[in-house]
**Student:** 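Before I ask anything, here is the structure I am working with.
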Amino acid sequence: MWIVVRRRGADGRIPVRTLDRGASSSAAVAEPTGYPGGPYDTSLLVKYEHHVARHIWFGEERGPKKELKVAGHGLKLTSRVPLALPPQMESWVSRSGLASLQRTSLNKIDTNLVSAFVERWHLETSSFHMPFGEMSITLDDVACLLHLPIRGIFWSPQDVTEELAVELAVDYLGVSQGQAQSHVRSCRGLYYKLEWLYDIFVHHRAASSWAYATRAYLLMLVGSTIFADKTFTLVEARYLLLFRDLDGCSGYSWGAAALVTLYRYLGDASMYSCKQLGGYPTLLQCWIHEYFPTVGKRGENWNPAGNCGLPRAMRWSYRQGVLKVDDLRPILDELTPTDVIWRPFEDHRAWRVFDEICLYRGCLKWGETVVPYLLDRCLRQFGYRQYVPSPPLDCMMATDIDVDWISYHQSVVAVIGSSTVATTPSEVEDGYLEWYYRVSHPRLVPPHRDAPRDVPVPVYDAGPSDPDWARVSTLIRRYLRQVNAEEEDPQFSDLFEALHISHSH
């Protein structure tokens with residue numbers, strides 16, 4: 001058996017009597033509540049009322065365009081990032097920990113692919129809710145894809161006024177008082193324009209004013225990548241404070257900074273009212289390419305085996321896809337664990353050794369933004385058997401985040417101490433899928449609108465351990481499902497035999 005079918009009524013709910021109540025105490029309610037097509041136990045996804053998935057179930061789109069507005073700065077960076085910096089600048093940029101960002105950006109972003117995944121993100125759990133459980137972009141993913149340092153301190157900035165934004169530009173970018181005042185006022189906020197920063201970099205490089213040039217360059221670089229916002233043209237002036245001391249900015253956890261910023265924008269974009277995505281879309285799209293080889297279209301610049309230590313994001317290049325958001329939704333609905341490469345970076349460990357701090361469970365912060373980082377919800381990405389995770393953290397109540405981060409060992413022990421190493425890549429404990437389907441949503445698109453519908457609660461078998469055989473198994477099984485094949489039918493006997501052979505590898 002591949003699935004166990006639970007009957008949902010026309011209202012999208014599963015009657016209580018059909019459920020195994022032993023998997024989670026949160027299910028022990030007298031009467032089910034919840035949303036059609038969504039969780040009927042609403043104790044986990046408390047913001048689901050405003051989530052885009054709730055509206056998609058009824059055919060309600062965000063607007064005339066179903067995809068989000070997503071801007072990547074890859075093409076601009078190609079013209080703005082020189083092939084070689086002057087040695088005086090190169091030393092600072094290299095020591096900052098940000099040098100890899102000069103080459104990692106995709107030239108273009110597949111907005112349909114990215115948008116389809118954003119629709120499955122939930123800010124309560126900082127994870128994508130897939131048909132088979134949760135997955136997330138982790139610190140390990142950031143380290144391997146971008147080669148950013150993940151250890152280091154979090155940044156707590158001081159407030160920046162318009163006057164201070166002007167003062168910072170004068171002191172650390174080497175512009176005149178009048179030029180700084182005029183520019184800050186033209187931005188109508190506490191921002192600098194990316195193009196303006198690039199011009200300052202070019203000017204000071206020509207004048208051999210290396211410190212000014214380096215600050216303008218680094219601020220332009222992070223504003224075009226990990227700190228990109230929804231204006232697509234500006235960067236917050238307060239980030240200049242990060243580069244006052246060019247010899248000390250290497251102490252920050254730039255990987256956490258990238259993750260916090262992306263998590264925040266993913267949370268915003270998962271809401272029905274939002275139509276734009278900020279953050280670094282290259283990080284999200286390359287993460288999809290690594291974990292989901294059958295979804296979307298991508299170009300491959302080199303094979304991992306031939307990698308010379310480059311960030312893994314540079315492996316991928318943009319290829320225009322033909323599938324739109326509404327084409328991708330049912331494809332994601334039908335994904336199974338064998339469609340996932342659960343540990344894609346094992347062949348990259350010669351250049352990025354796994355750091356156990358990636359298994360930290362707690363809050364991450366950058367500036368005033370605090371997000372939950374909940375590794376117990378995506379243990380399969382680390383080779384552990386997935387169990388029913390603890391309730392999410394309330395980051396609004398977190399007061400000692402820096403202390404928790406420094407003493408990460410305690411949370412790591414708590415996370416992996418409750419699990420065991422998986423014997424197969426996608427292994428879950430008994431009761432996990434039943435619990436997950438109570439508190440989440442199995443799909444975004446109903447099979448037949450406004451009619452009783454069967455929503456499968458998968459009971460996945462172990463499947464092949466070899467990723468190539470797992471792919472073969474997935475393709476065969478998908479076809480057999482599409483044609484409603486029965487194993488007793490002689491017409492399909494060869495395919496079922498091939499499926500059984502693939503499972504033995």
Side-chain angles (χ1 to χ4, degrees), residues 93-104 126 135-154 225-226 249-260 262-263 280 282-284 286-291 293 300-316 340-362 364 366 373-386 404-417 419-423 425-426 465-467:
V93 172
S94 179
R95 292 202 308 271
S96 72
L98 297 167
S100 60
L101 293 177
Q102 298 174 102
R103 310 287 178 216
T104 51
S126 292
M135 296 182 67
S136 192
I137 307 173
T138 71
L139 287 168
D140 185 50
D141 297 326
V142 177
C144 293
L145 286 167
L146 304 182
H147 281 197
L148 291 178
I150 55 177
R151 286 182 180 263
I153 62 174
F154 300 143
T225 54
I226 59 176
C249 62
S250 61
Y252 295 116
S253 174
W254 292 115
L259 209 56
V260 170
L262 183 58
Y263 276 16
Y280 194 23
T282 286
L283 174 56
L284 172 55
C286 290
W287 180 86
I288 296 169
H289 291 338
E290 291 282 358
Y291 281 89
E300 194 166 359
N301 299 320
W302 36 260
N303 188 285
N307 178 19
C308 298
L310 300 173
R312 277 288 278 263
M314 293 179 65
R315 173 187 178 187
W316 306 106
V340 179
I341 299 176
W342 287 98
R343 303 179 71 186
F345 303 117
E346 294 309 292
D347 54 4
H348 198 68
R349 295 305 177 191
W351 297 278
R352 277 299 180 271
V353 177
F354 178 75
D355 190 332
E356 69 172 5
I357 202 171
C358 297
L359 289 167
Y360 161 81
R361 181 185 188 273
L364 299 177
W366 191 253
Y373 181 74
L374 307 175
L375 265 295
D376 56 339
R377 313 194 76 87
C378 55
L379 286 169
R380 288 176 287 182
Q381 292 173 231
F382 295 91
Y384 291 94
R385 183 186 300 164
Q386 182 62 57
D404 294 340
W405 176 245
I406 294 171
S407 56
Y408 70 91
H409 287 284
Q410 298 178 20
S411 66
V412 171
V413 170
V415 167
I416 64 177
S419 184
T420 56
V421 175
T423 56
S426 59
S465 58
D466 181 85

**Student:** Roughly how far, to the nearest 0.5 Å, is the CG atom of D140 from the CD atom of Q381?
**Tutor:**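 Those atoms lie 9.5 Å apart.
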**Student:** Holding to side-chain hydrogen bond (donor to acceptor under 3.5 Å, both in side chains), I want the full list of residues that pass it with N301, two or more places apart in sequence or in another chain.
**Tutor:**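 Here the qualifying residues are S317.
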**Student:** If you take all heavy atoms of S126 and S136, which pair is closest and at what distance?
**Tutor:**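 Looking at all heavy atoms of both residues, the shortest contact is O-OG, 2.7 Å.
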**Student:** Are T138 and C378 close enough that some pair of their side-chain heavy atoms sits under 4.5 Å apart?
**Tutor:**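 Result yes, sub-4.5 Å side-chain heavy-atom pair found.
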**Student:** From L101 CG over to L283 CG, what is the distance, rounded to the nearest 0.5 angstrom?
**Tutor:**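 Reported value, rounded in 0.5 Å steps: 10.0 Å.
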**Student:** Output all residues satisfying side-chain hydrogen bond (donor to acceptor under 3.5 Å, both in side chains) with W254, sequence neighbours left out; order by chain, then residue number.
**Tutor:**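 W254 satisfies side-chain hydrogen bond (donor to acceptor under 3.5 Å, both in side chains) with no other residue.
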**Student:** Look up atom CG in L364 and atom CG in L259, then write down how far apart they are to the nearest 0.5 Å.
**Tutor:**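 Reported value, rounded in 0.5 Å steps: 6.5 Å.
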**Student:** Nearest 0.5 Å, please: how far is CD1 in I137 from OH in Y373?
**Tutor:**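 Between atom OH of Y373 and atom CD1 of I137 there are 11.0 Å.
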**Student:** Which pair of non-hydrogen atoms, one from S411 and one from Y408, has the smallest distance, and what is that distance?
**Tutor:**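 Heavy atoms only, the tightest pair is OG-O, 2.9 Å.
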**Student:** Could you go through the side chain to side chain contact (heavy atoms under 4.5 Å, CB included) check for T420 and Y384 one step at a time?
**Tutor:** CA-CA 6 Å; T420 56; Y384 291 94; over 6 Å; no
**Student:** How close do S100 and P311 get, counting heavy atoms only, and between which atoms?
**Tutor:**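 Taking S100 first and P311 second, the nearest heavy atoms are CB-CG, 3.9 Å.
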**Student:** If the plane angle is over 60° it's perpendicular, under 30° parallel, otherwise tilted; pick one for H147 and H348.
**Tutor:**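 Tilted.
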**Student:** With S253, which residues qualify under side-chain hydrogen bond (donor to acceptor under 3.5 Å, both in side chains), at least two apart?
**Tutor:**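 Here no residue qualifies.
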**Student:** State which residues pass ring-ring contact (aromatic ring centres under 6.0 Å, His included) with W302; sequence neighbours excluded, sorted by chain then number.
**Tutor:**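 ring-ring contact (aromatic ring centres under 6.0 Å, His included) list for W302, sorted by chain: empty.
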**Student:** Apply ring-ring contact (aromatic ring centres under 6.0 Å, His included) to F345 and list each qualifying residue two or more places apart in sequence or on a separate chain.
**Tutor:**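 For F345, no residue satisfies ring-ring contact (aromatic ring centres under 6.0 Å, His included) once neighbours in sequence are set aside.
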**Student:** Indicate yes or no for a side-chain donor-acceptor contact from T104 to the backbone of A313 under 3.5 Å, with no hydrogens or angles considered.
**Tutor:**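 Pair absent, no side-chain N/O of T104 close to backbone of A313.
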**Student:** Would you give the length of the straight line joining atom OH of Y280 to atom CG of L146, rounded to the nearest 0.5 angstrom?
**Tutor:**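 Rounded to the nearest 0.5 Å, the OH-CG separation comes to 6.0 Å.
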**Student:** Is the shortest heavy-atom distance from the side chain of M314 to the side chain of C286 under 4.5 Å?
**Tutor:**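 No, too far: nothing below the 4.5 Å cut-off.
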**Student:** State which residues pass salt bridge (Lys or Arg N to Asp or Glu O under 4.0 Å) with D376; sequence neighbours excluded, sorted by chain then number.
**Tutor:**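 Partners of D376 by the salt bridge (Lys or Arg N to Asp or Glu O under 4.0 Å) criterion, ordered by chain and then number, come out as R361.
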**Student:** Please name all residues satisfying salt bridge (Lys or Arg N to Asp or Glu O under 4.0 Å) with R315, sequence neighbours left out, ordered by chain then number.
**Tutor:**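 Residues passing salt bridge (Lys or Arg N to Asp or Glu O under 4.0 Å) with R315: E290, E300.
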**Student:** Over all heavy atoms of both residues, which pair between S419 and L379 is shortest? Give the atoms and the distance, please.
**Tutor:**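 Looking at all heavy atoms of both residues, the shortest contact is CB-CD1, 4.1 Å.
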**Student:** Run the numbers on V93 and Q102 for side chain to side chain contact (heavy atoms under 4.5 Å, CB included), then give the verdict.
**Tutor:** CA-CA 10 Å; V93 172; Q102 298 174 102; 4.1 Å; yes
**Student:** Show your working on side chain to side chain contact (heavy atoms under 4.5 Å, CB included) between I226 and L148 and close with a plain yes or no.
**Tutor:** CA-CA 10 Å; I226 59 176; L148 291 178; 4.1 Å; yes
**Student:** Test of understanding: with ring-ring contact (aromatic ring centres under 6.0 Å, His included), list the residues that count as partners of F154, not counting sequence neighbours.
**Tutor:**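 Partners of F154 by the ring-ring contact (aromatic ring centres under 6.0 Å, His included) criterion, ordered by chain and then number, come out as W405.
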**Student:** Taking salt bridge (Lys or Arg N to Asp or Glu O under 4.0 Å) as the test, write out the residues that go with E346, two or more places apart.
**Tutor:**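 Checked E346 against salt bridge (Lys or Arg N to Asp or Glu O under 4.0 Å); matches are R343, R349.
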**Student:** Between L98 and Y252, is there a side-chain heavy-atom distance shorter than 4.5 Å?
**Tutor:**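 They are not in side-chain contact.
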**Student:** Which residues satisfy the ring-ring contact (aromatic ring centres under 6.0 Å, His included) test with Y291, sequence neighbours excluded?
**Tutor:**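 Only W287 meet the ring-ring contact (aromatic ring centres under 6.0 Å, His included) criterion with Y291.
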**Student:** Using the test side-chain hydrogen bond (donor to acceptor under 3.5 Å, both in side chains), find all partners of R380 that sit at least two apart in sequence or belong to another chain.
**Tutor:**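 For R380 there are no side-chain hydrogen bond (donor to acceptor under 3.5 Å, both in side chains) partners, ignoring immediate neighbours.
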**Student:** Taking salt bridge (Lys or Arg N to Asp or Glu O under 4.0 Å) as the test, write out the residues that go with R95, two or more places apart.
**Tutor:**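 For R95, the residues satisfying salt bridge (Lys or Arg N to Asp or Glu O under 4.0 Å) (neighbours in sequence not counted) are D247.
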**Student:** Please round to the nearest 0.5 Å and tell me the distance separating atom CD of E356 and atom CD1 of I416.
**Tutor:**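 The CD1 atom of I416 is 7.5 Å from CD of E356, to the nearest 0.5 Å.
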**Student:** Report the C-alpha distance between D355 and I150 in whole Å, list the side-chain angles of each, state the deciding distance to 0.1 Å, and finish with yes or no for side chain to side chain contact (heavy atoms under 4.5 Å, CB included).
**Tutor:** CA-CA 9 Å; D355 190 332; I150 55 177; 4.1 Å; yes
